[in-house]
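Before any comments, here is the structure.
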Amino acid sequence: MKKDKLVRISLIFLAVSFIFIMLVLPLLLVAKEALAKGFAVYANSLTEGIAVKAMILTLEATVAAVLFNTIFGVASAWLLTKYDFKGKTFLASIIDLPFAISPVVAGLFFIMLFGRMSPLYPFLQAEHIKIVFAIPGIILATIFVTLPFITRELVPVMEAQGRDEEEAAASMGADGFTIFRKITLPNIKWALLYGVTLCTARAMGEFGAVSVVSGHIRGKTNTLPLHIEILYNEYNFTAAFAVASVLVIFAIIILIVRNYIEWRSKKKISAV
Amino acid sequence: MNFKGFHKIAAGTLSILTAAMLMTGCGGDSQFAESEKSGSSEFLNVSYDPTRELYAEFNEKFSAEWKAKTGEVINFNQSHGGSGKQARSVAEGLEADVVTLALAYDVDEVAKAGLMDKDWLKKFPDNSAPYTSTIVFLVRKGNPKNIRDWNDLVRDDVSIITPNPKTSGGARWNYLAAWEYFKEKNNGDENAVKENIKKLFKNVAVLDSGARGATTSFVQRGQGDVLIAWENEAILSKKDAPDDYEIVIPSISILAEPSVAIVDSVVDQKGTRKLAEAYINYLYSPEGQEIAAKNFYRPRDKAVAEKYKNQFPALKLVTVDEAFGGWAKAQKDHFTDGGTFDQIYAK
Amino acid sequence: MSEFEVELKNINKSFGDFKASRDINFGIKKGRLVGLLGPSGSGKTTILRMIAGLENPDSGDIFIGGERVNDVVAGKRGIGFVFQSYALFRHMTVFDNVAFGLTLLNKDKEFINKKVNELLELVGLAKFSHRYPAELSGGQRQRVAFARALAPEPKLLLLDEPFAAIDAKVRKELRQWLKTTINELGITSIFVTHDQDEAIEVADDIIITNKGRIEQVGTPADIYREPNTSFVAEFIGDSIRLDDISKFKGFDINEDNTSTEGIGGIIRPEFLEIAADESEASMPLGSEEGKVIATYFRGNNIQVDLEVKGEILHGWRSLEKKPLKRGDKALVFIHRIYSFKNNHTTILENRGKLKDSVII
Amino acid sequence: MAASKKIIPGFRFSLGITMFYLSLLFIIPMLAFILYSSGMGMDKFISVVTDERILHGYYVSFLCAFVAAAVNGFFGIILSWVLVRYDFPGRKILDGLIDLPFALPTAVAGIALTTLYAETGWLGQIFHELGIKSAFSPLGITIALIFVGIPFVTRNVQPVLRDLQPEAEEAARLFGASEFTIFKKVIFPELLNPLLTGFALAFARGIGEYGSVVFIAGNTPFETEIAPLLIMTKLEQFDYEGAAAVAIVMMLLSFMVLLTINGYQRYRLKKEGIAV
């Protein structure tokens, strides 16, 4: 018994110290640097015009990326769990692939497809459609790096759920959308929300891929992470960390929302 | 049937996706949408990292000047980043009216992509470099390692911070300055030069990917005894913390000539050539030169230079053209894969 | 030295507000195969887990082999346990599963090989030794779990709902097999079940639990014939509950001659004799008249549901006799009733039978 | 045709969306990239990717990513264990923190870690006194990669551990197995697959990671030069084809890592009859 307690305490200690050193200390450092010149400077660097514009752009790109990825995530998870077809395993691996691709390279993909060296470029130019070095490119890059998140969250849950309920509904003549809305969605909504929160967090913080396609135009195509880099390269460390702390705060809010969601779902289950 | 159904769905999703993207693209920034219409009210100068303060001030002055002269209100946009990366972005489709980069080689790349005349260098005075700088040393207060010149950098007890010439355009000037010093010292014996350069880079503690990163490693992280830096960057660091650093001027250095150029295909399409020309010419005007000097770049204008002569001590300066036969050759000899820089690290 | 191999004294156990065990007392003699029987939630699994050491009682003492084991950890109690879900180690082969306990005892390889093969032979799975659990059927997994539990030669074997997850046909075979095997091995065993047929068929003794209490301990026959409490009477066998037994002929007064008015009871189908008419009835005078509601063919007999004095009773009729159909009149003689008084059950024989016998 | 056999409606619709989206956002851009670089020809491709410096870059990236993923594997198991099995004050907060590396821009992480682990930093001082160079060394790269990979293992192992039925553990405990033996023989085999998944993802992510690493790496050739930095180097020289060559090899290697681990998991489950 005594030995158990010792093991328990040392494991907790190990886990807590690991997270403290690897995660909490860097975050504390961000906070310390952000407030190094007092709260006024901190607030100033956040309310300054270009920072606000970067924040708005980041939120736009995040919302757009999460929206599209939600549609894709649900459709692909549905496809992978409700049907059997040839090439299913291969498709599943393809969806995971963006995890294995360096974000910088992902950015280059879009430059090659929509940039000046692309055969599509004259057409886009003639139609006055700007994709790379403009907001659509930023959204595309953000979508790319967050592509697998929602699918990955949904597939295990939908797999565990099986197909019985959907098949029963289908046998009663319900169409696909009705089945999804009435049967599947209530079963997966918490997993979906969890996937969405992760996707949101990751989308807000994306740097590498966005950096390649952005063009770094101040106040126009600079997202928050890019703005941080610029401030840092201006030796404006306080402001850089202040803006970084905003992303941390956003992330924490998202995670609190997620925990709240989880807590509510648990409460609901135990109430049934 | 099957295929038709797929098409319908695909077309539907495509239109939703594109519509949504264009909406966010245009709706997200109203100024952006305006620029599409009027065409000339937006102006983009794609530059490299250490010119941010310079152009912030310059754009403001020039904007007022231009408005007074023509009545047009122009929105001047800046993009900053690593010089090479910025050149690439322009070549890849970033619609810059002018580029103001760290070295001619990067502007050449834009020209190679067909966006401007191949002989852009001759379009403006002084090799299209309205302001210059040079390479100096930043050492810690009191110069504890007693670093006086390039040959001190090959001593075993000296730890150096300099960015990687392969990823940082600015750092190539550092490399070439060192090369020139050892070349003169060894009377052109290339093997001896290489030996010295090799020793020098063996002393490099952190090879940052960019010039600003290197400064941060030296200033913020306390890495190294000496930072090889552009003069403007060194002065800036010393100004921020006058008690911590000293600037050491070597006996010989290189004349760093950051290039400016008009991106012909963009200005012709947008109809901003006049504006772009005025913009660059203004850099050569006494006002422009004054702003450059205030931001620690050496002005070309004699009068302004005289005014700031305390800030910019005289030293022997060579140009890339004189010493290395121009940027294309310098790049090929030293920085392409397998060039002298790679030989330093070759096993 | 106690006469019992396993003994529980004054055991109490709660999970939060839920009282799982209330003052449990019983003893099990060496070599017996005992069934812990009760409805789900009656606390039978908790008892099993406390004996195994997987739960600790809040109060009371547990003895195994005469030794108090409350403070002995589960692994040192010398117990074999078969889980309802079998809990096989799914990443180990059948052989490794069975060998697991022996390797922990640091037995040498040869011994382990011999022992495991013996056991696999015993459970009839010798040729499956290199399979993984997922590749076996439910019944086979059950037998692996059994062999695994027996491998370290435990003093006591505990089985939690051992047949619950097996389909009906295999279950029957397995019950027989388990009973014979355990009897041959002579190991003291306790199994938990909610299925009375299973308990009656397999167990030497049955312990009936209800709401955390022990209702009755005894052989299956004793419990069936003489249920101590109304719960046992109702739970065991096929039973028809009555609220007032006094309305039936021959049951108007109790053994002690007090009125049975308002006293409840239980009738089993085998207590009923159903006759189509007086000629068929053995005790026509004492019989009640009933109306057939439904009949069911049951293979070796026919079940007849009848309405008698407002109560629905059911009994069996031989296939040899004249068939009854819905709506027919019938005569029903009730041989005996378990009557309840103060939660105690007494067997009340039909007084008509006594009278008749006197007359004869 | 195939769709007519599906019981649940919507097969073509969901297949349509999935394939279209994947094509537009992933497959076509990737093909465009590969096509663009295919102009270089096999000879150049091979000479680029077999250059000693590039090979060393791969080596550094793979080694550091491997070590970081292994460290994350080890602590990921401990973290999941502590979060699932123990209740202690602050558990919820600890749980919530795990996802944060996803949200923090990698560059910010890199800067913060460099500040911490440089000789002047809070932790760098300690390392410095011990005579260990933490920032600007392979150790620094590994630290950055550990940071970005923290969520992968924990988030894969945690749910499996949480849903694990207790019976198998109890069975082992009844045989007198020590807690460590129970973990080793009964619990760990159950966690091996999610551990491998998490490891593979952290590993793949680590190989490609650039933003957080450049700050802390030191970027010295043949010492701390990572493969993604070499891609950047090629790009700085406007050598798109060379950059693409390096990137394609990295992509292939990461994909192979994912496939190998995936394959091993499937083989293992198949061997044990758990999956068909």
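Letters A, B, ... mirror the listed sequences (proteins, then strands); counts begin at 1. What you are looking at is a predicted structure, and each value in this text was computed from that prediction instead of being measured.
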Sub-6.0 Å ring centroid separation between [X] and [Y]:
{"X": "Phe341(B)", "Y": "Phe201(B)", "answer": "yes"}
{"X": "Tyr175(B)", "Y": "His334(B)", "answer": "yes"}
{"X": "Phe199(D)", "Y": "Phe66(D)", "answer": "yes"}
{"X": "Phe203(D)", "Y": "Phe152(D)", "answer": "no"}

Option in Gln331(B), Arg88(B), Lys85(B) with maximal non-hydrogen atom pairs under 4.5 Å from chain D: Arg88(B)
Please identify, among Ala91(B), Ser209(B), Ser83(B), Gly338(B), the residue contributing the most non-hydrogen atom pairs under 4.5 Å to chain D. Ser209(B)
Do [X] and [Y] make a side-chain contact, defined as non-hydrogen atoms from C-beta onward lying under 4.5 Å apart?
{"X": "Arg52(B)", "Y": "Gln78(B)", "value": "no"}
{"X": "Asp264(B)", "Y": "Leu115(B)", "value": "no"}
{"X": "Ile254(B)", "Y": "Phe324(B)", "value": "yes"}

Ion pair check, [X] and [Y], cut-off under 4.0 Å:
{"X": "Arg205(D)", "Y": "Glu209(D)", "value": "yes"}
{"X": "Arg140(B)", "Y": "Asp244(B)", "value": "no"}
{"X": "Lys112(B)", "Y": "Glu109(B)", "value": "yes"}

Please list, in residue-number order, every residue in residues 213-228 of chain B that has a heavy atom less than 4.5 Å from any heavy atom of chain D; write 'none' if there are none. Ser217(B), Gln220(B), Arg221(B), Gly222(B), Gln223(B)
At under 4.5 Å between heavy atoms, what parts of residues 157-174 of chain B are in contact with chain D? List them by residue number. Asn164(B), Lys166(B), Thr167(B), Arg172(B)
What residue in Met232(D), Lys133(D), Lys234(D), Arg53(D) has the most heavy-atom pairs under 4.5 Å with chain B? Arg53(D)
If you count heavy-atom pairs under 4.5 Å between each of Thr114(D), Asp239(D), Val214(D) and chain B, which one has the most? Thr114(D)
Quick one: does Asp208(B)'s side chain have a donor or acceptor within less than 3.5 Å of a partner on Gly210(B)'s backbone? no
